[in-house]
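Read the structure below first, then the notes.
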Amino acid sequence: MAEERIQKIIARSGLCSRRDAEKAIREGRVTVNGHEASLGDRARTGVDHIKVDGKAIRTPEPPRYILIYKPRQVMTTCDDPEQRTTVIDLVRPEVRERVFPVGRLDYHSEGLIILTNDGDFAARVSHPRYGVVREYMVKVRGELDDAAHRRLMAGTSVDGRRVIPRLAQRESGTRGANSWWKVQITEGRTREVRELFFRAGHPVQRLRRTAIGPVRDNTLKPGQFRPLTESEVRLLKEGRPARSRNRGRAKSPKTSAGASTPSKRRTSSRSPDRKPKSKDK
């Protein structure tokens, strides 16, 4: 069997992404046949004994790619020390492979998340350099005027990195104390969309992720999941942007932010979320 880079073998085992595997190697947490590994080292799957934090990695399983609608008040992690429900809990026992979430949605947000055991695929989808667009429907307090919209589009700093929206359009047909916005970004920072609107002076009341690259599914209900299609997996690996399946003609009434609005969509009339207390991603 041919040798491969250790981080690739670890990622394919489903333990973590290749990027996280490289970090573990740099931190001295990976051994091969009892010896501490270094970046650039190679090994053979099923022949060499690879351990991370003293635990042997699993033999690589067949790749799984799952799309799930994360409900609010569910953690986007594999486990939680506070025993809160996680996205992994929602797919057990139907999904027996060791999968993990690609990116995160905070505890009070909802929408689409991908679960996989393919570390290379996860890195391809989550890293900003590949430009996979994430789309959100965001309900915010109040109406953004021109100055607030400019602040929103100027971006903000999250975890020491600049985050600038690719698109921020007000949805038509929403008037009153709150307004709905469609937002697209290519970063994947913690609570970045909430931070963007907070800095613009309009706190988020509700946030729902509606697309990841070309993948969107308006039929999934909170807690439901399905396998990604072969076409969706291929397009995500190619890094193509999301495309709306709404074929209705777009209407462009004037908005307080001066932006044209996309096709009219149905929106929820449920009451706004409570102010987030969790600091999880």
Side-chain angles (χ1 to χ4, degrees), residues 1-66 75-81 86-88 91 95-106 113-134 157-163 185-192 212-213 228 233-240 279-281:
M1 181 175 292
E3 292 186 335
E4 298 178 288
R5 292 190 182 275
I6 298 170
Q7 58 265 37
K8 184 175 181 180
I9 297 173
I10 296 173
R12 203 169 65 248
S13 75
L15 178 62
C16 59
S17 69
R18 185 185 295 196
R19 188 179 181 186
D20 287 340
E22 291 174 349
K23 180 181 178 182
I25 294 172
R26 287 195 296 270
E27 293 174 348
R29 296 159 46 206
V30 179
T31 61
V32 179
N33 299 328
H35 301 285
E36 184 176 315
S38 301
L39 279 177
D41 288 352
R42 293 174 176 270
R44 292 168 292 175
T45 301
V47 177
D48 294 307
H49 299 284
I50 302 172
K51 293 184 178 181
V52 178
D53 296 327
K55 297 181 180 179
I57 65 171
R58 297 185 178 185
T59 301
E61 299 172 312
R64 289 295 301 269
Y65 308 97
I66 298 163
M75 297 291 291
T76 314
T77 54
C78 293
D79 51 59
D80 179 59
T86 72
V87 289
I88 303 302
V91 302
V95 177
R96 299 185 179 278
E97 291 85 359
R98 183 178 179 179
V99 295
F100 56 87
V102 179
R104 296 195 178 187
L105 278 174
D106 69 71
I113 282 281
I114 292 173
L115 307 177
T116 187
N117 57 359
D118 185 338
D120 286 342
F121 172 81
R124 183 82 187 186
V125 174
S126 60
H127 199 284
R129 71 170 172 265
Y130 295 113
V132 175
V133 177
R134 296 156 182 82
S157 179
V158 179
D159 295 336
R161 295 187 62 175
R162 197 71 183 169
V163 175
I185 54 176
T186 55
E187 288 283 342
R189 316 306 298 174
T190 304
R191 297 175 58 82
E192 58 192 348
I212 305 170
L228 288 176
V233 172
R234 184 181 71 254
L235 292 176
L236 282 167
K237 288 181 177 180
E238 293 173 358
R240 296 187 182 180
K279 294 184 179 180
D280 67 290
K281 295 184 178 180

Between R64 and P62 (side chain of the first, backbone of the second, donor and acceptor by atom type, cut-off under 3.5 Å), is there such a pair?
no

Between I114 and L228, is there a side-chain heavy-atom distance shorter than 4.5 Å?
yes

Least distance between heavy atoms, C78 atom then I88 atom
CA-CG1, 3.6 Å

Before you tell me yes or no, could you show the steps for V99 and T116 under side chain to side chain contact (heavy atoms under 4.5 Å, CB included), namely the whole-Å CA-CA distance, both residues' side-chain angles and the distance that decides it to 0.1 Å?
CA-CA 5 Å; V99 295; T116 187; 5.7 Å; no

How far does CG of D106 sit from CD of E192, to the nearest 0.5 angstrom?
10.5 Å

For C16 and I10 the tightest heavy-atom approach is SG-CG2, 3.9 Å

Report, one line per pair, each donor and acceptor closer than 3.5 Å where one atom sits in a side chain of residues 31-41; sequence neighbours left out.
from, atom 1, to, atom 2, distance (Å)
N33, OD1, H49, N, 2.9
N33, ND2, D48, OD1, 2.9
D41, OD2, S38, N, 2.8

Which heavy atom in T45 sits nearest to a heavy atom in E4, and how many Å separate them?
OG1-OE1, 3.6 Å

How many angstroms lie between atom CG of L15 and atom CZ of R58, to the nearest 0.5 angstrom?
9.5 Å

Does R19 have more than 12 heavy atoms from other residues, nucleotides or ligands lying within 6.0 Å of its CZ?
no

Hey, are the side chains of F100 and D20 touching, using non-hydrogen atoms and a 4.5 Å cut-off?
no

With no hydrogens and no angle check, is any side-chain donor or acceptor of R134 less than 3.5 Å from a backbone partner on S126?
yes

Smallest heavy-atom separation, V87 atom then T77 atom, equals CG2-O, 3.9 Å

Heavy-atom nearest pair, V52 first then I57, reads CG2-CG2, 3.8 Å

One should read off an interatomic distance between Y65 OH and N117 CG, to the nearest 0.5 angstrom, of 7.0 Å

If you apply the rule side chain to side chain contact (heavy atoms under 4.5 Å, CB included), what do you find for V125 with I212, and how did you get there?
CA-CA 8 Å; V125 174; I212 305 170; 4.1 Å; yes

From R44 atom CZ to E3 atom CD, the distance as rounded to the nearest 0.5 Å:
6.0 Å

Could you tell me the separation between the CD1 atom of I6 and the CD1 atom of I25, rounded to the nearest 0.5 Å?
5.5 Å

Between M75 and D80, the two heavy atoms sitting closest are CE-OD1, 3.6 Å

Would you give the length of the straight line joining atom CZ of R124 to atom CZ of R18, rounded to the nearest 0.5 angstrom?
11.5 Å

